[in-house]
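Notes to accompany the following structure.
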Protein chains: 2
Amino acid sequence: MTRRRQQTRDRLMQAGFEVFVERGLSASIEEICERAGYTRGAFYSNFRTTEELFFGLYERLSTTALARAGEAVSDVLGSAGRPRRGGDVVGAAVEAFLSVAMSPDDRSWWLLSSEYALQAARDPQFAQRMSVLRKRIQAELDRFIVSALDRAGLAARVPPSTLSRALAAVHAGALAQSFEDPDGPGYQELLRLTVPFVVRGLTGPATRRTGA
Amino acid sequence: MTRRRQQTRDRLMQAGFEVFVERGLSASIEEICERAGYTRGAFYSNFRTTEELFFGLYERLSTTALARAGEAVSDVLGSAGRPRRGGDVVGAAVEAFLSVAMSPDDRSWWLLSSEYALQAARDPQFAQRMSVLRKRIQAELDRFIVSALDRAGLAARVPPSTLSRALAAVHAGALAQSFEDPDGPGYQELLRLTVPFVVRGLTGPATRRTGA
DNA sequence: CGTATCCGATACGGAAACGTATCGACCCGG
DNA sequence: CCGGGTCGATACGTTTCCGTATCGGATACG
C-alpha cells in the first residue's frame, strides 16, 4: 500500500531472485533479508514463507513474459496480411520464435524455471497456482504461433497449441542441454539443428485445407 | 567390504533415492536415515555429506544407464549388416532411440536429473565429477547412434555426436514438458512430433558422401 | 567357541534457522 | 506540525540439524 512497503517488497523480491538463483529454493529467509539489507522482521511482515516469495517471483516473471509475448504478437500481426512464399520462411519464423523465447544466455531464468518445475512436481498446490499463470502465457504463445504462421504463409498440420508445445519442448531441451553440457553444441546451434525441421514437418502451405 | 556394510550402504542409497525424489537435495541426513531404518551414526560411517550420497547415486544410475545403452548397441549391431531402404526406417530408429532413452514414465528419474543439473550448475566441482561419467554415457550414446544409422542405411549430415546431442536435447525437453504441463501432449506424442523430423533433417542416404 | 575388529547406535554440545511478541521509528493525513 | 497507524527492527524461546566422540554389539575368523 504505502510507498515504503512497496519498496521493501520489491527489494526483498529482487534479493530473493538472486539468492534463489545462487542457492536454490532451500535458501533461508535470513539470506534473503541480508541480501536485501533488511532483517527478518521485514520479511515476515511481507511474506509468510520463502515459497510465497518464490511464487510471487513467478507471478512477476510470467507477467513480464506475457507482456513480451503480447508485443511480439502485435509486431508480427502488424506486418502481416499477405503471406510471402519465397525466401527462408521457416528460418524467419525460427528467428521470430527466438525473439519470444527466453533470452538464450539467461542462465538465471533456466535455473529458476527448473526450480519452479521441481517445486510444482512435488507440491500439487503450487502446481495448481502456477498452472493458472502458465495457461495465460501458453495462450499468448499460441496466438503468436498462429499469427506467425499466417504471416509466413504456412498452415499447421496439428493444432497450433500442439505445435507451440512441441516447439517449447525443443526450446527447453536445447536451453537445458546448453547449460548441462558446455562442451557440446550451444543453444543457438541446437535450435538451428532442430526447430526448422520440426516446423517444416508440422506445417504445410496455407492454401491446403487442414481437413483430413 | 563386509556384507553388513554393503547392505547398509545399499539401503542408505535406496532411501536417499526416495527421499531426494520426494524432498529434493535439501533433504536432511536424518530423513534419509529414518527412511532407511538406521540412525545418523550409520550415515556418517558411510558418507561424509548428503551430496556425497547424492553423487554416489548418480554413479550408480549412470552405470546402469551405460549398461543398458551398451546392450542396445549390441542389439542393433547384431542385426545390422545390410542396410534396408524400404519401410519406415526413421520410425524404427526412433523406437530404437526410445529404447535407450530413459523410461518415459520415470518421473523419479526426471526429478533427480533436474536436481543433478541444478547442482552441477551451481557447484563447479560437482559438475566436473559428473562430467566424467557423462562423457562415458555420451560416448556410448554416440556409438548407438552410429550403429543405428548404419543399420538404417542413413548417414548423418552432422557429426554423430552432434546428432546425438540434438536428439538428447529434444528427448529431455519432451520429458520435462510432459511433466510440467500434464494437460498438454504427452511424452510419446511430443517425441513423435519432433524426433522423426529432426532425424530426417539431419541425415541422408548412406551412399552419398558427406563431404560438402 | 572365543576373540579381535568393524560398524552402527547413543549421547553431547553447538550452530543455524524458525516463528512470535514487542518496541520504536517512520509515514501519511489532518 | 502533530498524532495515529503502519512497518520493520530487536529480542526471545524453540526446533531442527549438524558433527564428533564414545560405547556396545554384531561379525568374521581361527
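To find a chain, count down the sequence lines: A is the first, B the second, and so on, and within it residues start at 1.
Distances shorter than 4.0 Å separate none of the side-chain N or O atoms of Ser45(B) from OP1 or OP2 on dC7(C). For dG8(C), one of the phosphate oxygens OP1 or OP2 lies less than 4.0 angstrom from a side-chain nitrogen or oxygen of Arg5(B).
The side chain of Thr2(A) sits closest to dC28(C) out of dC28(C), dC6(C), dA9(D).
Remark: P of dA9(D) and CG of Asn46(A) are 10 Å apart, rounded to the nearest angstrom. Spacing between atom CG of Asp10(B) and atom P of dC7(C) amounts to 14 Å, rounded to whole angstrom units. The nearest whole Å value for the distance from the CZ atom in Arg23(B) to the C1' atom in dT16(D) is 13 Å. Put simply, CZ on Phe47(B) is 14 Å from C1' on dC7(C), counting in whole angstrom units.
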Go along nucleotides 16-24 of chain C 5' to 3' and tag each nucleotide: B for a protein heavy atom under 4.0 Å from its base, S when only backbone or sugar atoms are that close, - otherwise.
-SBBB----
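When the shell of 6.0 Å around CD of Glu52(B) is examined, it contains more than 12 heavy atoms from other residues, nucleotides or ligands.
Among the heavy atoms of the strands lying under 4.0 Å from Thr39(A) is at least one base atom, whether or not backbone atoms are also near.
Within residues 53-60 of chain A, no residue is approached by DNA chain D to less than 4.0 Å at the level of any non-hydrogen atom.
For the pair Arg200(A) and Phe197(B), the cation-pi test (distance below 6.0 Å, angle within 45°) is failed.
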